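Have a look at the structure below before the remarks.
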Amino acid sequence: MGAGDEPRPFRRTLCDYPRQIVRAQTPYHSYRSLGGLTVENASNDCDVLVVGAGPTGLMAANLLKRAGVNVRLVEQRGEATRESRAFAVQARTLELMDSIGLARNFLAQGVRADSVNIHVKGRFRGGLDFARANAGDTPYPFILMIPQSRLEAILSDDCSALGVSIERQTTVTAVEQDGQGVTTHADGADGPFRIRSAYVIGADGSRSIVRQATGLGWDGDMLPQRFLLADCKVHWPLDHESFRVFLNGSRIGLFLPLDGAKVSRVMATDVSGSFGDEDGSKPAPLDLAEMEEGLSKAIALPVRLSDPVWVTRYRAHHRFTDCYRANRAFIAGDAAHIHSPAGGQGMNTGLQDAANLAWKLAAVLRAGAKDGLLDSYDQERRPVGENVIKSTGRLFAAAAGQTGAKAAVRDQIISTVLPLLTRVSPFQKRAFFNTSQRAIAYPLGAYVSGTASKLAPPGARAPDAPVHAVGSVFALLRGYRFTILVFSREKLNEADTASITAAQTRLMARGLAIGIIAGAQPDEDVVFQRYGVGQNPGQAVVLVRPDGYIAWRGESLSLDLCESHAAMIMPRRGISDAS
Ligand SMILES: Cc1cc2nc3c(=O)[nH]c(=O)nc-3n(C[C@H](O)[C@H](O)[C@H](O)COP(=O)(O)OP(=O)(O)OC[C@H]3O[C@@H](n4cnc5c(N)ncnc54)[C@H](O)[C@@H]3O)c2cc1C
């Protein structure tokens, strides 16, 4: 980082808040130093310290390493967790995994759910049918059910292959910042020690020490509804392949397919009053008989449960921070936002937080980007987190928040309206667009600009489409790096070919990839349509960020403005994908 681009010491971020715990600190070599030189400060132990090896921390460490950043990952747990809170992996997450070559590992270990079936008082009434959603712009038009523990194992194995190991039995106890960096205090197997880094990411879950130590806010409530949860064998008259929601007055039930008839996740309303958290006591243990009774009342069908893998009582919270950044400290995932599991969004949102932040840190550390780029992490991701909390809250309240007459009316309305809605394609399309997280787009600003377009505008996710020779747009976007897509409906003439070839050499030397989609074949119109490249002028240039969002767009073949935008983000060079 150039001297002129140093973060101003003790500056407040846009989400202004008195959140500094700062002590003057002289940089030093800690006794746990890896000896790796950092770009920013040769006496740091690493450029970025990631706290917490849950899904968010693993993703952040993985992507930072791919972008060439010297990263360390610490985790308080001695071994990987076997409990699996999350199961639903959305299309947008699979697209991210696709970009780093891991999607096939996920598909091999998960179960594809093509619908969400809703039953009222035991009768199937309709629901989400992803086949009707016409989601041709993603290779993943479904929800993948894969236990969080398996997702973590895939990311952790990939981190090892990249050279990032999880430093286990390491509990972070305090975080201090000064103008030059961050000092993180931790308790390890050999006693307390400190790690000095340029930046720290708190991916340390809802009780985040990084959030607390930096004074970031945390506001919200515990939701009143309580649930029984079990991963077990389910014996019932229905199949074990479909995602099902059961409404029955004040009782609701949930069935998630995991591993055929062998193991499934079931949840049901807990009306026992044994949760125990109001008076500080521990919840009463749950046994399978109580789970079975609760579930059978919710689903209004005969059911028997056996072979439990995990059984617990569960109560959701919704809580949110007021800022994702405190100078050199960032929070991501559950450290920044927690909410009900309705809609299966939490883990997916954390993974995308990591994808948004990692390249920005890499750009500042390795490519001379300005500190303001780091503010765009909060500007882009906080509204997404806020929206997830609102939308999952609404869904949860509609499904689980009703009792008595209100619940009876809800059941009546859903029984009448849902069979009709299920057949309406635009409803299915919109529902899948939102739940798959493909609808997320970022606002225009210093780092997101260019010409407006109805389709694929600056700030939107770059959609997939078939492309001759390479297979698809996503094949061109593979690698966690910037890619320039050049579109021309006509074949390129000699002059255009010469100037694009010259630019290609220049751009590749700066670590940017370039993909050319020119001379539309008769069956190739769809890629031009999805990117909003009409007949006139029939040309466009689109700059796609490492996290798959459009950073800039222009409606001609001239690469100059696009190159200037890329150089404004990364004055020295691009983010290279080290994989
Ligand atoms: C019942 C249930 C079902 C869910 N289903 C879904 C779903 O289907 N889809 C979905 O997207 N989401 C779902 N979620 C939410 C999802 O589980 C979380 O959003 C996800 O685990 C968040 O990941 P994370 O890495 O941010 O935090 P965590 O998973 O909480 O990981 C934080 C890590 O930090 C470590 N840590 C904490 N403090 C320290 C410290 N001081 N020092 C070092 N390490 C520390 C912890 O040990 C932990 O490993 C569900 C949640 C629940 C409860």
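Counting begins at 1 with the first residue of the sequence. These figures come from a predicted structure and were not determined experimentally. These numbers come from the heavy atoms of this one structure, side chains and all, not from hydrogens, waters or symmetry mates. Whatever order the structure lists them in is the order used to number ligands and atoms, beginning at 1.
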Do you see a donor-acceptor pair shorter than 3.5 Å between the side chains of Tyr442 and Arg381?
yes
Looking only at protein heavy atoms, which one is nearest to atom 37 (C) of ligand 1, and what is the separation?
Asp204 O, 3.2 Å
Checking Phe330 against Leu374 for the side-chain contact (heavy atoms from CB on, under 4.5 Å) test, could you report, in this order, the C-alpha distance in whole Å, the side-chain angles of both residues, the deciding distance, and whether it holds?
CA-CA 9 Å; Phe330 300 84; Leu374 298 177; 3.9 Å; yes
Side chains of Thr138 and Glu95: do they bring a donor and an acceptor to under 3.5 Å?
yes
Region of Gln345 engaging ligand 1 - heavy atom pairs below 4.0 Å:
backbone
For the residue pair Asp187 / Thr173, report whether a side-chain donor-acceptor contact shorter than 3.5 Å exists.
no
Can you find an N or O of Ala335 that's nearer than 3.5 Å to an N or O of ligand 1?
no
Regarding atom 27 (O) of ligand 1: of the candidates Ser84, Gly205, Ser340, Ala213, which has the closest heavy atom?
Gly205
Hey, looking at atom 8 (O) of ligand 1, which of Pro55, Ala336, Ala88, Ala354 has the closest heavy atom?
Ala88
For the student: nearest non-hydrogen atoms of Leu223 and Ser340, plus distance:
CD1-CB, 3.9 Å
Tell me which protein heavy atom sits closest to atom 13 (C) of ligand 1, plus the residue, atom name and distance to 0.1 Å.
Ala86 CB, 3.3 Å
Mind checking whether Thr170 contacts ligand 1 via backbone (N, CA, C, O), side chain (CB onward), both or neither, at a 4.0 Å heavy-atom cut-off?
backbone
Nearest heavy-atom approach of Gly110 to Ile146 is CA-CB, 4.1 Å
What protein heavy atom sits nearest atom 25 (O) of ligand 1, and how far off is it?
Thr56 N, 3.0 Å
Salt bridge flag under 4.0 Å for residues Asp464 and Arg438
no
Proximity of Ile209 to ligand 1 by residue part, where a heavy atom lies under 4.0 Å:
side chain
Nearest neighbour in protein (non-hydrogen) for atom 19 (O) of ligand 1
Asp334 OD1, 2.7 Å
So for Ser208 against ligand 1, with non-hydrogen atoms under 4.0 Å, the contacting part is neither
For Thr171, the ligand 1 atoms whose distance to one of its heavy atoms is below 4.0 Å:
41 (N), 42 (N)
Out of Gln76, Met267, Gln148, whose heavy atom sits nearest atom 39 (C) of ligand 1?
Gln76
Identity and distance of the protein heavy atom lying nearest atom 31 (O) of ligand 1
Gly54 CA, 3.6 Å
Using heavy-atom distances only, which candidate in Arg85, Glu167, Arg265, His339 approaches atom 4 (C) of ligand 1 most closely?
Arg85
Would you say the ring centers of Phe106 and Phe142 fall short of 6.0 Å from each other?
no
Which atoms from ligand 1 have a heavy atom of Leu229 less than 4.0 Å away?
1 (C)
As a quick check of understanding, evaluate salt bridge (charged side-chain N to carboxylate O under 4.0 Å, His left out) for Arg315 and Asp270, giving each step before the final call.
CA-CA 9 Å; Arg315 188 164 178 186; Asp270 181 359; over 6 Å; no
Would you check whether Gly344 reaches within less than 4.0 Å of ligand 1, judged by its heavy atoms?
yes
Carboxylate-amine/guanidinium proximity below 4.0 Å for Glu176 and Arg194
no
Before signing off on this row, confirm whether Val172 and ligand 1 have an N or O atom pair separated by under 3.5 Å.
yes
Can you tell which of Asp45, Asp47, Asp178 makes a salt bridge (charged side-chain N to carboxylate O under 4.0 Å, His left out) with Arg196?
Asp178
At less than 4.0 angstrom from any non-hydrogen atom of Asn348, what atoms of ligand 1 do you find?
9 (N), 10 (C), 11 (O)
Geometry only, no angles: is Gly57 polar-contacting ligand 1 at N/O separations under 3.5 Å?
no
Nearest heavy-atom approach of Ala53 to Leu58 is O-CD1, 3.5 Å
Begin with the C-alpha distance, continue with both residues' side-chain angles, and end with the deciding distance and a verdict on side-chain hydrogen bond (donor to acceptor under 3.5 Å, both in side chains) for Asp353 and Tyr324.
CA-CA 10 Å; Asp353 290 344; Tyr324 283 31; 4.9 Å; no
Under a 4.0 Å N-O cut-off, is there an ion pair linking Glu293 with Lys297?
yes
Describe, in one word, how the ring planes of Trp236 and His240 are oriented to each other, choosing from parallel (under 30°), tilted (30 to 60°) and perpendicular (over 60°).
tilted
Per-atom contacts, ligand 1 versus Ala203 - under 4.0 Å to a heavy atom
32 (C), 33 (C), 34 (O)
Atom 53 (C) of ligand 1: nearest protein contact (heavy atom, Å):
Tyr314 CE1, 3.2 Å
Please determine if Glu380 and Arg545 form a salt bridge, counting it only when a charged side-chain N lies under 4.0 Å from a carboxylate O.
yes
Atom 34 (O) of ligand 1 has as its nearest protein heavy atom Gly52 CA, 3.2 Å
Which of the ligand 1 atoms, numbered from 1, are nearer than 4.0 Å to a heavy atom of Gly333:
26 (O)
Atoms of ligand 1 under 4.0 Å from any heavy atom of Gly346, numbered from 1 in the order shown, are 10 (C), 11 (O), 12 (N), 19 (O)
I need the atoms of ligand 1 closer than 4.0 Å to a non-hydrogen atom of Pro341, numbered in the order shown.
3 (C), 4 (C)
Return a yes/no value for Met347: is any of its N or O atoms, backbone included, closer than 3.5 angstrom to an N or O of ligand 1?
yes
Proximity winner for atom 48 (C) of ligand 1, if only heavy atoms of Glu152, Glu75, Met145 are counted
Glu75
